[in-house]
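Encoded as structure tokens, the structure appears first; notes follow it.
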2 protein chains.
Amino acid sequence: MTPARKKPNINTSPLELMPDFQFAVSVDCVIFGYENDMLKVLLIKSDLPEFKSKWSLLGDLVHPDEDLDAASYRVLRERTGLEDVFLEQVHTFGQLNRHPAGRVVTTAYFSLINVKDHQLKQLDNELHWHPVNDIKTMAFDHKVILDTCHKTLQKKIQEEPIIFNLLEKKFSLRDLQNLYEAILGVSLDRRNFRKKLFTTDLLTDLDEMEKDVPHRPGKLYTFNHARYAKMKKKTFVGIDF
Amino acid sequence: MTPARKKPNINTSPLELMPDFQFAVSVDCVIFGYENDMLKVLLIKSDLPEFKSKWSLLGDLVHPDEDLDAASYRVLRERTGLEDVFLEQVHTFGQLNRHPAGRVVTTAYFSLINVKDHQLKQLDNELHWHPVNDIKTMAFDHKVILDTCHKTLQKKIQEEPIIFNLLEKKFSLRDLQNLYEAILGVSLDRRNFRKKLFTTDLLTDLDEMEKDVPHRPGKLYTFNHARYAKMKKKTFVGIDF
DNA sequence: ATAAAATACGTAAGGCATACACAATAAAAT
DNA sequence: ATTTTATTGTGTATGCCTTACGTATTTTAT
């Protein structure tokens, strides 16, 4: 330990921001979608010689006049054409040699979109959807970022009704259960699943049926945003570990 | 929307990191402690003219050769003299004008320490402990950062046994309950609290009693790290919102 | 000694999760 | 048309966990 001594500091003293202490800052978006009963993520091919033919997340440098959140929204919009979708910060990765070009600190976001809602923009570099479970390696530290975001997703869908962002407006209970199972990697009891979902009181019965399914059609539901907004945020106090 | 077009990008193309796209990157540590039945946080006075006499978190610029995590550990060590303590990243704040000196992106960490374990280092700028509930305003966006970390703390102590980092090695159940109540801002039933804690099987009965207390002394316990490490991480699957 | 305060232990009721069974309906096969 | 098959839709019993609350014990203060 160095002895106590007054040292100029970014929070306490007016000081100039020196170039040596400036880094590139980027955002990387883990864009999740759901297709063919699989959780998927939108990836692009990296042209960097160090990562030739490896897959990378969608990211970009944060612009000088741009908030972090704004930058991630921009990346998302440029790649999917979507606005007003679920997007949330997860974690910031600042390892020394995570990027070959130099020091780049990146903040990871995860997004949930309905695959059928959008058309992919800028189809350069083979932008497309990959089943999350098939991905073994990626460029940079992106596999770690993806895994982190996947875990966050698994945790969050159990705590908040964000999963509906991955489905179309109208869905059957079977759709919803398949999606939960795909994300969590478990199988759930159909009867208990229904019961649980109905007790949340967040599904509106549309009095409509599935169409063009090769079996008995199920009822269609929609997520009741209004009722969730009104729900008093559960002040859960419990110890559970 | 701009039409689809190939654009150089930090993840796809080799490109130089231009000075305009480089920012200062800092870490800010929300160091929590527990004293006199109150949750407290370690703060320092800011000398910046814009925030004269306002309180600030403990932070610093990340050094060019330093990981983000390493930087926050350094700040913690320099200020408290402590190593190997609980420290975890929470969120990154990148608002455009959050720092008067220019563009500074900061990553917030929260730490849990036992107040009696340490001596404060570098007592310049009136470094000391403040009750979290008394803090109304702070320098920079630090009040927002503090609130974010406080909420994260409230959530995490219900999910993982990290709260013991705030107590001494030996503690009574009363101590533990008071601490939970101080952090969560609720009162808990004493009998149910005991029962719950004992069922976790993570407390070792030391067969010792409190000393020098002005009432009937309670038993002393210690947190069983080994048993927690062995516990199979609960693969909880439930929907709860 | 007695009162006050905190610890320590216990029990009953209700709610919630889990496990499991069967009827109804629509599509596909015969 | 009838039967078969697959899937939807509903119900019930059990047990565990949370919650609410009662009472005895131990120590300190008067």
Test item: [X] side-chain N/O and [Y] main-chain N/O as donor-acceptor pair under 3.5 Å:
{"X": "Asn192(A)", "Y": "Asp189(A)", "result": "no"}
{"X": "Asp134(B)", "Y": "Pro131(B)", "result": "no"}
{"X": "Asp67(A)", "Y": "Asp69(A)", "result": "no"}
{"X": "Gln177(B)", "Y": "Leu188(B)", "result": "yes"}
{"X": "Gln158(A)", "Y": "Asp240(B)", "result": "no"}

Could you give the [atom1]-to-[atom2] distance, from [X] to [N], as a whole number of Å?
{"X": "Leu188(A)", "N": "dC20(C)", "atom1": "CG", "atom2": "P", "answer": "15 Å"}
{"X": "Leu197(B)", "N": "dT19(D)", "atom1": "CG", "atom2": "P", "answer": "14 Å"}
{"X": "Leu176(B)", "N": "dA6(C)", "atom1": "CG", "atom2": "C1'", "answer": "17 Å"}
{"X": "Leu173(B)", "N": "dT7(C)", "atom1": "CG", "atom2": "P", "answer": "9 Å"}

Does the ring centre of Phe140(B) sit less than 6.0 Å away from the ring centre of Phe93(B)?
-> no
Are Phe223(A) and Phe171(A) close enough that their ring centers fall under 6.0 Å?
-> no
State whether Lys196(B) places a side-chain N or O below 4.0 Å from either non-bridging phosphate oxygen (OP1 or OP2) of dT18(D).
-> yes
Let me have a per-nucleotide readout for nucleotides 20-30 of chain D, 5' to 3', with B, S or -, counting only protein heavy atoms under 4.0 Å.
-> BBB--BBSS--
Could you tell me which residues satisfy ring-ring contact (aromatic ring centres under 6.0 Å, His included) with Phe32(B), sequence neighbours excluded, listed by chain and number?
-> none
Taking five pairs at each end, how big is the angle between the two axes of the helix from dA1(C)-dT30(D) to dT30(C)-dA1(D), to 10°?
-> 0°
